[in-house]
Amino acid sequence: MRKELDTRYDPKAVEDRLYAHWVKQKYFHAVADETKTPYTIMMPPPNVTGQLHLGHALNLTLQDILIRWKKMQGFNTLWMPGTDHAAIATEVKIVEKMAAEGIKKVDIGREGFMERAWAWYDDVGGVISNQFRKLGVAADWDRERFTMDEGLSDAVLEVFVRLHEKGLIYRGERLVNWCTHCKTSISDAEVEHEDQKGGFWHFKYPVKDMPGTYVEFATTRPETMLGDTAIAVNPNDERYQHLIGKTAVMPILGREIPIIADDYVKTDFGTGMVKITPAHDFNDFEIGVRHNLPKINIMNDDGTINENGGKYAGMDRYEAREAIVLDMDMRNLFVKKEVLENSIGGHDRCRTVVEPLMKLQWFVKMEGLAKPAIDAYKNDELRIVPERFGKVYLHWLENIRDWCISRQLWWGHRIPAYYCACGEVTVAKAAPDACSKCGAVELKQDEDSLDTWFSSALWPFSTLGWPEQTPELAHFYPTNVLVTAYEILFFWVVRMVFSGIEFMGQLPFKDVFIHGIMRDEQGRKMSKSLGNGIDPLEAIENYGADALRFSLTTGNAPGNDLRFYIEKVEASRNFLNKIWNAARFIMMNLGDAEPTAEIDDLTAADRWIIAKANRVAAEVTQNLDNYELGVAADKVYTFMWDEFCDWYIEMAKPRLYNEADTTRDAALWTLRHVLISGLKMLHPFIPFITEEIFTTVGGGDTIMTAQWPVFAAEHDFAAEEAEVEQIKEAIRAMRNLRSNMNVPPSRRAKVFVVSESCEVRGIYERGAKYIMALASAAEVTVQADRDGIEANAVSIVVPGAEIFMPFADLVDIEKEKERLAKEVAKLEQEVGRVTAKLNNPGFVGKAPASIIEEERAKEAKYGEMLAAVREQLKAIGG
RNA sequence: GGGAGCAUAGCUCAGCUGGGAGAGCAUCCGCCUUACAAGCGGGGGGUCAUAGGUUCAAGUCCUAUUGUUCCCACCA
């Protein structure tokens, strides 16, 4: 039963209906089945705070292409979707919402907060995954997971306990990156460095018992002077040898601090003297450890100065800075202020300048975990596409520091550590009944929760049921590829890799396919503050999901950023319409017929397009294998539009319109066959329209499980391809000439094809109907000589033949001479180039035989054509 | 300070392992040719950033330079 199709493709009438149908049919659902070969992708879980943005759209489209393609290849595909609780990002939002109601976290306490948080999750947690569906993604929603699900939370606890048992998780008082706004520690990866011009203040401290002697140093953060516990110089600095071992006095607080020698200090920067503040600077911390210096913390969690800061206590860190500079100046100990270009770390969430603070936190020891992740890449077990990101991956892992995993937040996985008054700390999945040391039953669980990436690091196996040994885990792990933007290589990819190796004994994926990020028309990163974000849902509303997807796929190389142009979506929409109309045309002509054809019935044109489709299938498959999705899409696009629509369909028309044509069925069969092949190759890219047409044209119940086209040697018709290409070239030449001479299509011309070659004449005799249809010829006469052709007919030379078109009244002999003379010049140049090449002993001696053969063929071809054009020019008196 | 990417037609970008420069959009000319004007046919437009080098042959490989974007980094 065939439906009538509109002249314009309307995605609205198709997309939602088909998606609901796919879901209902469980086409996306994967079942563990050991008799099948799995192909698995873990969808990067979006934050539950989010809305679908173009970055997601790009990421999802690429994954969906791979999943749908592999499914058609017969793999047991699983695309695991889910969402991430996004600890800090979400908590900030919930706090904001509460603030609007005039409520603070402390007002309602941890339990009250969590209640609200879960309510909030119930409200908006599913929004984004519902938006994902609009894109047509073939994800297994039946298996959708959330990082705070019971099962995933259990995995988190299991991992924490195991790492702790192995000594890879420890608790310690260290300097951490502290956000004074969010009042939590954050990991190194969450600190964003930004270059800026800042103050560089020079001060001097008096040296004890050496009146008139001062140590002069410079700092970018004068407020940290309050925590100074030493002054350091380079041990080899001749200028300061006499000061080493002496004592300086921090004037404002009157604190006596030693002058020490340490290699860290450079002699050629600043004054060669450095103030040492172990509690507020990562370098100084190390020096403090080396020299056993006291660590004096001068700051509160909110960035104000604490009681160690004397009279500055209570001031904000920047207020204190000003005040201290002023006070030092009053004492004539302020030397000068310079401007210094340096980089400053801010919290990636709120941009607040990060303060290094001493904190008792939980850390993951990274060295041992990083090693196998490094080896996996070096041993080629892990492949990163494009390759250049492999260096970034290695560099990060080779320089990794311990990972601070505790966060002073409530929304997340609470750290499973229990404290007893006796000082004993118990780490266990469940709260112990009593302290194992003293037997006390009053145990307090750690107030902190875990970094959100601690749970997402487990995503590839926690979603499959780990630590339970589920059939899904056995079948679908390890996954095949991880598709993500380069932005989260460190946050997530690296952590999944070492987690997978540590807990599963196997890499979580074989390939990492990295793409770029979406930018606006001007190349700027899309951001909320700039307000330059494009809503993909709006683009889908206006142009359909297929059009959006296709525009995100073509013209982009792996790893490169992508600018969004609505014009590109329009162009994609036009392509969809083209396919739609080609299908309409074919269905109209098919009617109720079910044409059949044997290979022997096929004409040269049929074989030509079949051979082309065959080769495109091979190439596109190869491109997809290499993650060259843009190239793949482009090839199918060109094949379908240029070759199939603009040439083959046009060539089929004369056969279709002639009921008596004995090859009519072969044409119909070929049209339908090639259309379906094309739809299959397009389906991963544009799933909706291809499904709609496929089912309408009787391809089957769904294209999703149709077999992906493979190269078939029996469809490789080289001779016919060459023959049709020859006809195409002739048609193009004739069109070109007509256009040059301003001959309207309505004026049909007689065409004479002259060739001495019997073989060539055969080609043109068979191609006559195409020349008539596509080059506005009234009739085509093929002959061996020029008998009967008007002397002033315009002529063109094509390989192996000359073509004459009598346009008596239109011909301007002078212009003709000009045209032919130009043609001669062009061919002479060609022949000259090729001949020079062939006369070059280096070329003939070293180039591969096939290349030399090609050049020889060119020389012969152009030589022949040149002779013919010269002849024609002579014939009209030129 | 270290590293990476990019620089190709007016614009946005492709161009895989080196073998005569491509697409989309824009532009110009001509077409309502019975699938499609969201279309059809034809055209113009590029010293592939610059300078060297390797090679019979370089947009493609190497080196340097310039411009640009980004990543990493505890120089006070």
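Heavy-atom basis, side chains included; hydrogens, waters and symmetry copies ignored. Note that this is a predicted model, so its numbers are computed, not measured.
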Which pairs of donor and acceptor atoms, one on a side chain in residues 549-569 of chain A, lie under 3.5 Å apart (sequence neighbours left out)?
from: A/Arg549; atom 1: NE; to: A/Phe685; atom 2: O; distance (Å): 3.0
from: A/Arg549; atom 1: NH1; to: A/Asp64; atom 2: OD2; distance (Å): 2.7
from: A/Arg549; atom 1: NH1; to: A/Leu135; atom 2: O; distance (Å): 2.9
from: A/Arg549; atom 1: NH2; to: A/Asp64; atom 2: OD2; distance (Å): 2.9
from: A/Arg549; atom 1: NH2; to: A/Pro684; atom 2: O; distance (Å): 2.9
from: A/Ser551; atom 1: OG; to: A/Leu548; atom 2: O; distance (Å): 2.7
from: A/Thr553; atom 1: OG1; to: A/Arg549; atom 2: O; distance (Å): 2.7
from: A/Thr554; atom 1: OG1; to: A/Phe550; atom 2: O; distance (Å): 3.2
from: A/Asn556; atom 1: ND2; to: A/Asn560; atom 2: O; distance (Å): 3.3
from: A/Asn556; atom 1: ND2; to: A/Asp561; atom 2: O; distance (Å): 3.4
from: A/Asn560; atom 1: OD1; to: A/Arg388; atom 2: NH2; distance (Å): 3.4
from: A/Asp561; atom 1: OD1; to: A/Tyr486; atom 2: OH; distance (Å): 2.8
from: A/Asp561; atom 1: OD1; to: A/Ile517; atom 2: N; distance (Å): 2.9
from: A/Asp561; atom 1: OD2; to: A/Tyr486; atom 2: OH; distance (Å): 3.1
from: A/Asp561; atom 1: OD2; to: A/Arg519; atom 2: NE; distance (Å): 2.8
from: A/Asp561; atom 1: OD2; to: A/Arg519; atom 2: NH2; distance (Å): 3.0
from: A/Arg563; atom 1: NH1; to: A/Glu521; atom 2: O; distance (Å): 3.1
from: A/Tyr565; atom 1: OH; to: A/Glu521; atom 2: O; distance (Å): 3.4
from: A/Lys568; atom 1: NZ; to: A/Ser551; atom 2: O; distance (Å): 3.2
from: A/Lys568; atom 1: NZ; to: A/Thr554; atom 2: O; distance (Å): 2.8

Set of residues satisfying side-chain contact (heavy atoms from CB on, under 4.5 Å) with respect to A/Val215, sequence neighbours excluded = A/Tyr205, A/Val207, A/Ile231, A/Leu243, A/Ala248, A/Ile259, A/Met273
Using the C1' atoms only, state how far B/rC25 lies from B/rG44, rounded to an integer number of Å.
-> 16 Å
For B/rG5, does OP1 or OP2 lie under 4.0 Å from any side-chain N or O of A/Asn560?
-> no
Quick one: does A/Arg388 reach the base of B/rA4 with a side-chain donor-acceptor pair under 3.5 Å?
-> no
Among A/Val392, A/Ile488, A/Leu489, side-chain contact (heavy atoms from CB on, under 4.5 Å) partner for A/Ile514 | A/Leu489
Given B/rG5, is OP1 or OP2 found less than 4.0 Å from the side-chain N or O atoms of A/Lys391?
-> no
Just checking A/Leu774: base, sugar-phosphate only, or nothing, at a heavy-atom cut-off of under 4.0 Å?
-> nothing
Scan the side chains in residues 845-859 of chain A for donor-acceptor partners under 3.5 Å anywhere in the protein, sequence neighbours excluded, and list what turns up.
from: A/Glu855; atom 1: OE2; to: A/Lys858; atom 2: NZ; distance (Å): 3.1
from: A/Glu859; atom 1: OE2; to: A/Thr835; atom 2: OG1; distance (Å): 3.2

With a non-hydrogen cut-off below 4.0 angstrom, is A/Asp284 in contact with a base, only sugar-phosphate, or nothing?
-> nothing
The dot-bracket string of RNA chain B, counting Watson-Crick and G-U wobble pairs with both distances under 3.5 Å, using [ ] for crossing pairs and | for pairs to another strand, is (((((((..((((.....[..)))).(((((.......))))).....(((((..]....))))))))))))....
Could you please name the option among B/rC75, B/rG19, B/rC29 that lies closest to any side-chain atom of A/Asn742?
-> B/rC29
Should the pair A/Lys826-A/Glu828 be classified as a salt bridge under the 4.0 Å nitrogen-to-oxygen rule?
-> no
Residues that A/Tyr240 engages under ring pair (Phe, Tyr, Trp, His ring centres under 6.0 Å), provided they are two or more places apart | none
Base, sugar-phosphate, or nothing for A/Glu650, non-hydrogen atoms under 4.0 angstrom?
-> base
When you measure from the side chain of A/Trp396, which nucleotide among B/rA73, B/rG41, B/rC75 comes out closest?
-> B/rA73
Residue whose nearest RNA chain B nucleotide is more 5′ - A/Ala571 or A/Met273 | A/Ala571
Have a look at A/Tyr637 and say if it touches a base, only the backbone sugar-phosphate, or nothing, with a 4.0 Å heavy-atom cut-off.
-> sugar-phosphate
A/Asp195 near the nucleic acid: base, sugar-phosphate alone, or nothing, with a heavy-atom cut-off under 4.0 Å?
-> base
Return the set of residues passing ring pair (Phe, Tyr, Trp, His ring centres under 6.0 Å) with A/Trp647 (not counting sequence neighbours), or none when no residue passes.
-> none
Could you work out the separation of B/rC28 and B/rG22 based on their P atoms and round it to a whole Å?
-> 24 Å
Is A/Phe490 touching bases, backbone alone, or none of the nucleic acid, heavy atoms closer than 4.0 Å?
-> sugar-phosphate
Is A/Tyr657 touching bases, backbone alone, or none of the nucleic acid, heavy atoms closer than 4.0 Å?
-> sugar-phosphate
C1' atom, B/rG1 versus B/rG46: distance in rounded Å?
-> 39 Å
Just by distance, do the side chain of A/Asn626 and the backbone of A/Glu628 share a donor-acceptor pair under 3.5 Å?
-> no
If you pin A/Arg573 and A/Asn623 to their nearest nucleotides in RNA chain B, which one's is more 5'?
-> A/Asn623
May I ask you to say what A/Arg738 touches in the nucleic acid, namely base, sugar-phosphate or nothing, with a heavy-atom cut-off under 4.0 Å?
-> nothing
Of residues 639-647 of chain A, the positions that come close to RNA chain B - non-hydrogen atoms, cut-off under 4.0 Å | A/Trp641, A/Cys645, A/Asp646
NA contact type, A/Phe269, heavy-atom cut-off 4.0 Å: base, sugar-phosphate, or nothing?
-> base
Decide yes or no, distance alone: a donor-acceptor N/O pair under 3.5 angstrom between the base of B/rA4 and the side-chain of A/Glu387.
-> no
So what does A/Gly272 hit on the nucleic acid, given a heavy-atom distance under 4.0 Å: a base, only sugar-phosphate, or nothing?
-> base
Pairwise C1' distance, B/rA76 and B/rG5 [rounded to whole Å] | 32 Å
Interatomic distance where CG belongs to A/Asn626 and P belongs to B/rU17 [whole Å] | 10 Å
Listed partners of A/His202 passing ring pair (Phe, Tyr, Trp, His ring centres under 6.0 Å), at least two apart = A/Phe200
Sugar-phosphate, base or nothing in reach of A/Lys266, heavy atoms under 4.0 Å | base
A correct 5'-to-3' footprint of nucleotides 53-58 of chain B, with B, S and - meaning base, sugar-phosphate only and no protein heavy atom under 4.0 Å, is ---B--
So, are A/Glu650 and A/Lys653 salt-bridged, with charged N and O less than 4.0 Å apart?
-> yes
So, does the side chain of A/Lys653 form a donor-acceptor pair with the base of B/rA35 at under 3.5 Å?
-> yes
Please confirm whether A/Lys204 makes a cation-pi placement over A/Phe217, using NZ or CZ under 6.0 Å from the six-membered ring centre and within 45° of the ring normal.
-> no
Determine, for A/Trp403 and A/Arg495, whether the Lys NZ or Arg CZ falls below 6.0 Å from the six-membered ring centre while staying within 45 degrees of the axis.
-> yes
Would you mind classifying the nucleic acid contact of A/Asn740 as base, sugar-phosphate or nothing, using non-hydrogen atoms under 4.0 angstrom?
-> nothing
Please list, chain by chain and in numerical order, all residues satisfying ring pair (Phe, Tyr, Trp, His ring centres under 6.0 Å) with A/Phe644, sequence neighbours excluded.
-> none
Rounded to the nearest 0.5 angstrom, the CG-CD1 distance for A/Asn736 and A/Ile796 is 8.0 Å
In numerical order, the residues of residues 545-558 of chain A whose heavy atoms come under 4.0 Å of RNA chain B are A/Gly555, A/Ala557
Would you indicate what A/Asn736 reaches in the nucleic acid, counting non-hydrogen atoms under 4.0 angstrom: base, sugar-phosphate, or nothing?
-> sugar-phosphate
Contact class for A/Ser850 vs. all strands (heavy atom < 4.0 Å): base, sugar-phosphate, or nothing?
-> nothing
What pairs with A/Glu570 under side-chain contact (heavy atoms from CB on, under 4.5 Å), at least two apart in sequence or on another chain?
-> A/Tyr543, A/Arg573
Quick one: does NZ or CZ of A/Lys391 land under 6.0 Å from the six-membered ring centre of A/Tyr377, within 45 degrees of the ring axis?
-> no
